[in-house]
Amino acid sequence: MKLKRIVTLFVFVAVLTFFGACKKSRYCHCISDSYQAISLDGSTNTVADTVVVNVDRGFKCEHLIEMGFQELKNGEYVTSTRKVDCVELDVETVTTIPSEHPTDD
């Protein structure tokens, strides 16, 4: 009886380990704060950067609060840090990146 419980527990742990190991990463969809961008013709536009990031399974997307973005200015790449709002993407059901994050209204 005791051996049967040990074998059952071992099989249960093995199954959990197998299914837990299948998904080792997660995808985060992040949108930066809006900022003013000057286009080539001199007009200004309000834009926000959007990016999908692959992170470790143990990391939560909500913990991403700042990211560095590179942009080309006067022939050189300049890195600027912006605040971001990130949510986890369910890659099994999402076929396209959502245009906006759902709000908790």
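The residues of the chain are indexed from 1 along the displayed sequence.
With contacts defined as side-chain heavy-atom distances shorter than 4.5 Å, the pair Tyr27/Asp90 does not qualify. Within the 4.5 Å cutoff, no side-chain heavy atoms of Glu66 are placed close to those of Val84. Side-chain contact between Val52 and Leu89 is present, with heavy atoms from C-beta onward closer than 4.5 Å.
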Under 3.5 Å donor-acceptor pairs involving side-chain atoms of residues 71-83, not counting sequence neighbours:
residue : atom : partner : partner atom : Å
Glu71   : OE2  : Arg82   : NH2          : 3.1
Ser80   : OG   : Arg82   : NH2          : 3.1
Arg82   : NH1  : Asp49   : OD2          : 2.3

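In terms of heavy atoms, Cys61 sits closest to Arg26 at SG-CD, 4.0 Å. The two residues Ser32 and Ala48 have their closest heavy-atom pair at O-CB, 3.5 Å.
Between atom SG of residue Cys28 and atom CD of residue Glu62 there is a gap of 7.5 Å, rounded to the nearest 0.5 Å. Note that CG of Asp33 and CG of Asp85 are 8.5 Å apart. Values are rounded to the nearest 0.5 Å. The OG1 atom of Thr50 sits 8.0 Å away from atom CZ of Phe69, with the distance rounded to the nearest 0.5 Å.
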